[in-house]
*Asks:* 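This is the structure I want to talk about, given as structure tokens.
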Amino acid sequence: MILPRAFYARPTLTVARELLGACLVRLVDGIRLAGIILETEAYIGENDLGCHAKSGKTRRNAVMYGPPGYAYIYFTYGMHWCLNAVTEAEGFPAAVLIRAILPTEGLEIIHKRRNGRDTLGPAKVTQALAIDGGLNGVNLTETSSGLWIESGLPVSDESVTVGPRVGLYTVPEPWKSIPWRFQVVDHSKFR
DNA sequence: AGCACGATGCTCT
DNA sequence: GAGCATCGTGCTT
């Protein structure tokens, strides 16, 4: 089942936690590339100094200000794309960064796209699933976008760790260390 | 196994 | 012009 708009129209921390175990799907040339989401991070509003919306609405972050259930995809470090799912009410900028997946469908293609390497990292996820800026702003709640998220396996609290978000080196406290990162500890049971 | 570093170009001040 | 929600390599232990 495709996760509906109402799934995303909730507090971002709730969405980030519940996206663990869900299935990220990318349709390329009629072929499904998919993986179970293993790691997420929440970015919540203009007060969150780690969030791209910290300085208000710009051309880059505009999608985050739109309705929930859309893809916010940004380019960084001169070569990498990162995928987010927009959350909360329209007008409030918030999103969940998809940081890692366990590939489940289209394994050969994913393997080839990743040159045999893992898919544990936000830019590795987008490279593996052929996601780039051309998909910024697409609707994650319908298949016609070629990118959507389906409900997957429930993940128990015991198999989830919570911790600080990654890569926010110059972000001031408390935002730098606030535990808004969610990770499936042992994903061997999904294999 | 872990750390340091360079790559590389877009976005906003 | 500075900074960046990263990755892979290569060197050290």
Side-chain angles (χ1 to χ4, degrees), chain A residues 8 11-20 22 24 26 33 35 37-66 68-88 92-103 109-138 140 147 149 160-186 188:
Chain A
Y8 300 96
T12 306
L13 293 176
T14 303
V15 177
R17 167 63 178 83
E18 295 193 12
L19 276 177
L20 296 179
L24 177 64
R26 173 84 171 103
L33 309 180
I37 296 173
L38 297 178
E39 185 182 351
T40 59
E41 281 176 2
Y43 290 87
I44 312 175
E46 297 180 347
N47 293 330
D48 171 8
L49 295 184
C51 180
H52 285 167
K54 65 176 181 291
S55 302
K57 189 175 181 178
T58 65
R59 197 165 67 248
R60 180 202 208 193
N61 66 26
V63 175
M64 267 202 291
Y65 285 79
Y70 286 79
Y72 166 47
I73 299 170
Y74 66 88
F75 185 71
T76 192
Y77 290 107
M79 64 194 88
H80 299 304
W81 295 99
C82 293
L83 168 68
N84 298 254
V86 175
T87 58
E88 314 226 12
F92 184 84
V96 173
L97 174 66
I98 309 298
R99 290 192 56 88
I101 61 169
L102 175 68
I109 294 173
I110 289 174
H111 198 73
K112 193 173 296 179
R113 291 190 59 84
R114 284 291 302 142
N115 205 9
R117 291 184 259 270
D118 68 71
T119 53
L120 309 176
K124 300 180 187 179
V125 170
T126 57
Q127 192 199 6
L129 300 189
I131 295 166
D132 63 21
L135 291 167
N136 188 37
V138 302
L140 292 174
L147 179 66
I149 303 177
V160 174
T161 51
V162 180
R165 297 173 294 182
V166 174
L168 306 186
Y169 305 105
T170 64
V171 173
E173 299 291 1
W175 309 110
K176 177 177 179 163
S177 302
I178 201 165
W180 285 356
R181 176 188 187 209
F182 300 84
Q183 201 173 12
V184 177
V185 189
D186 176 18
S188 57

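Quick note on labels: first sequence line is chain A, next is B, and so on, each numbered from 1. Everything quoted here is computed from the prediction, not taken from an experiment.
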*Asks:* Using side chain to side chain donor-acceptor pair (under 3.5 Å) as the criterion, list what pairs up with A/Y74, not counting sequence neighbours.
*Replies:* none
*Asks:* Show me the donor-acceptor pairs within less than 3.5 Å that the side chains of residues 121-135 of chain A make with the rest of the protein, sequence neighbours left out.
*Replies:*
{"residue": "A/K124", "atom": "NZ", "partner": "A/D118", "partner atom": "OD1", "Å": "3.0"}
{"residue": "A/T126", "atom": "OG1", "partner": "A/W81", "partner atom": "O", "Å": "2.7"}
{"residue": "A/T126", "atom": "OG1", "partner": "A/A123", "partner atom": "O", "Å": "3.0"}
{"residue": "A/Q127", "atom": "OE1", "partner": "A/R114", "partner atom": "NH1", "Å": "2.5"}
{"residue": "A/Q127", "atom": "NE2", "partner": "A/R113", "partner atom": "O", "Å": "3.2"}
{"residue": "A/D132", "atom": "OD1", "partner": "A/G134", "partner atom": "N", "Å": "2.9"}

*Asks:* Under 4.0 Å, counting only non-hydrogen atoms across every strand here, what does A/L168 touch: a base, just sugar-phosphate, or nothing?
*Replies:* sugar-phosphate
*Asks:* Which part of the nucleic acid does A/R114 contact within heavy-atom distance under 4.0 Å: base, sugar-phosphate only, or nothing?
*Replies:*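 The residue A/R114 makes sugar-phosphate contact but no base contact.
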*Asks:* Return the stems involving DNA chain C, sorted by first number, where pairs are Watson-Crick (N1-N3 with N6-O4 or O6-N4) or G-U wobble (N1-O2 and O6-N3), both under 3.5 Å, and runs are 3 or more long.
*Replies:* B:1-7 with C:6-12, B:9-12 with C:1-4
*Asks:* Checking A/N136 now: which residues fulfil side chain to side chain donor-acceptor pair (under 3.5 Å) with it, not counting sequence neighbours?
*Replies:* none
*Asks:* Base, backbone or nothing for each nucleotide of nucleotides 8-13 of chain B, written B, S, -, heavy atoms under 4.0 angstrom, 5' to 3'?
*Replies:* BBSSS-
*Asks:* Along DNA chain C, 5' to 3', what are the outermost nucleotides having an atom less than 4.0 Å from a heavy atom of chain A?
*Replies:* C/dC4 to C/dT9
*Asks:* My understanding is that only residues two or more places apart in sequence, or in another chain, count here; which of them pass side-chain contact (heavy atoms from CB on, under 4.5 Å) with A/S55?
*Replies:* none
*Asks:* If the condition is side chain to side chain donor-acceptor pair (under 3.5 Å), which residues does A/Y72 pass it with, not counting sequence neighbours?
*Replies:* A/H52
*Asks:* With sugar-phosphate meaning primed atoms plus P, OP1 and OP2, does A/G167 contact a base, only sugar-phosphate, or nothing at under 4.0 Å between heavy atoms?
*Replies:* sugar-phosphate
*Asks:* Apply salt bridge (Lys or Arg N to Asp or Glu O under 4.0 Å) to A/E88 and list each qualifying residue two or more places apart in sequence or on a separate chain.
*Replies:*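 With sequence neighbours excluded, A/E88 shows a salt bridge (Lys or Arg N to Asp or Glu O under 4.0 Å) to no residue whatsoever.
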*Asks:* Have a look at A/I101 and tell me which of A/L38, A/T119, A/L33 forms a side chain to side chain contact (heavy atoms under 4.5 Å, CB included) with it.
*Replies:* A/T119
*Asks:* Identify, with sequence neighbours excluded, every residue that meets side-chain contact (heavy atoms from CB on, under 4.5 Å) alongside A/K57.
*Replies:* A/N61, A/A62, A/Y65
*Asks:* Sequence neighbours excluded, which residues qualify as side-chain contact (heavy atoms from CB on, under 4.5 Å) partners of A/S177?
*Replies:* A/E173
*Asks:* By salt bridge (Lys or Arg N to Asp or Glu O under 4.0 Å), which residues pair with A/R26, not counting sequence neighbours?
*Replies:*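 Salt bridge (Lys or Arg N to Asp or Glu O under 4.0 Å) check on A/R26 returns nothing, list empty.
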